[in-house]
**Student:** 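Mind looking over this structure? Questions follow.
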Amino acid sequence: MGQVMDERLIYEILSVVEEIPAGRVATYGQIARLIGRERNARLVGRALSGASHYGDYPCHRVVNHAGRLAPGWPEQRALLENERVTFLPDGRVDMKRFQWDGGAAGQEAR
DNA sequence: ATACTGACTGTGC
DNA sequence: CGCACAGCCAGTA
């Protein structure tokens, strides 16, 4: 079957996603930068759209830089709330509080 | 091959 | 910080 982008890329992305701690969220660009593809943030989203096909990954902890959740996946909000992630009245995640440090240790949620 | 779309981001105001 | 616009990459028509 065919197409799916390089499995290597999928593996790198999922490898990072798997590292996201519960109660925290990461942005597509953040993940893209960690795998050396900062300009491929959109590709990360596309890859995650089929991540479930590769196994169980906390792809619900990945949101865009605005804290907006993935369209067509309202269930994502419940998954995050279940991890103590609070939402703003606008329906966005409070990135200031829940954005993952992404490897830059030293930062912790208060 | 070109055009449009999308789980995106950065910059300017 | 919020809105508008441009840039970017891959898939689909």
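Numbered from 1 within each chain, the chains take letters A, B, ... in sequence-line order. Note that this is a predicted model, so its numbers are computed, not measured.
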**Student:** Just how far, in rounded Å, is C1' of C:dA10 from CD of A:Glu7?
**Tutor:** 17 Å

**Student:** With a strict under 4.0 Å distance from non-hydrogen atoms of chain A, what nucleotide opens and what nucleotide closes the contacted stretch of DNA chain B, reading 5' to 3'?
**Tutor:** B:dG6 to B:dT9

**Student:** For DNA chain C, find the residues of residues 68-81 of chain A with a heavy-atom distance under 4.0 Å and give them by number; none if there aren't any.
**Tutor:** none

**Student:** Go through the steps for A:Trp100 and A:Val16 under the test side chain to side chain contact (heavy atoms under 4.5 Å, CB included), then give the verdict.
**Tutor:** CA-CA 11 Å; A:Trp100 178 40; A:Val16 174; 4.0 Å; yes

**Student:** A:Tyr28 and A:Leu79: same hydrophobic cluster, using ILVMFWY side-chain contacts below 4.5 Å?
**Tutor:** no

**Student:** Show your reasoning for whether side chain to side chain contact (heavy atoms under 4.5 Å, CB included) applies to A:Arg37 and A:Ile13.
**Tutor:** CA-CA 10 Å; A:Arg37 300 281 192 286; A:Ile13 293 172; over 6 Å; no

**Student:** What integer distance in Å separates A:Ile35:CD1 from C:dC9:P?
**Tutor:** 14 Å

**Student:** Is A:Arg39 side chain donor-acceptor paired with the C:dC9 base, going by distance under 3.5 Å alone?
**Tutor:** no

**Student:** What is the distance from CE of A:Met95 to C1' of C:dG2, rounded to the nearest Å?
**Tutor:** 16 Å

**Student:** Taking CG from A:Asp90 and P from C:dC1, how many angstroms apart are they, rounded to a whole number?
**Tutor:** 12 Å

**Student:** Who is the Watson-Crick or G-U wobble partner of C:dA4, with both distances under 3.5 Å?
**Tutor:** B:dT11

**Student:** Let me have the donor-acceptor pairs involving side chains of residues 86-96 of chain A, under 3.5 Å, with sequence neighbours excluded, atom names and distances please.
**Tutor:**
residue	atom	partner	partner atom	Å
A:Arg92	NH1	A:Ala66	O	3.4
A:Asp94	OD1	A:Lys96	N	3.3

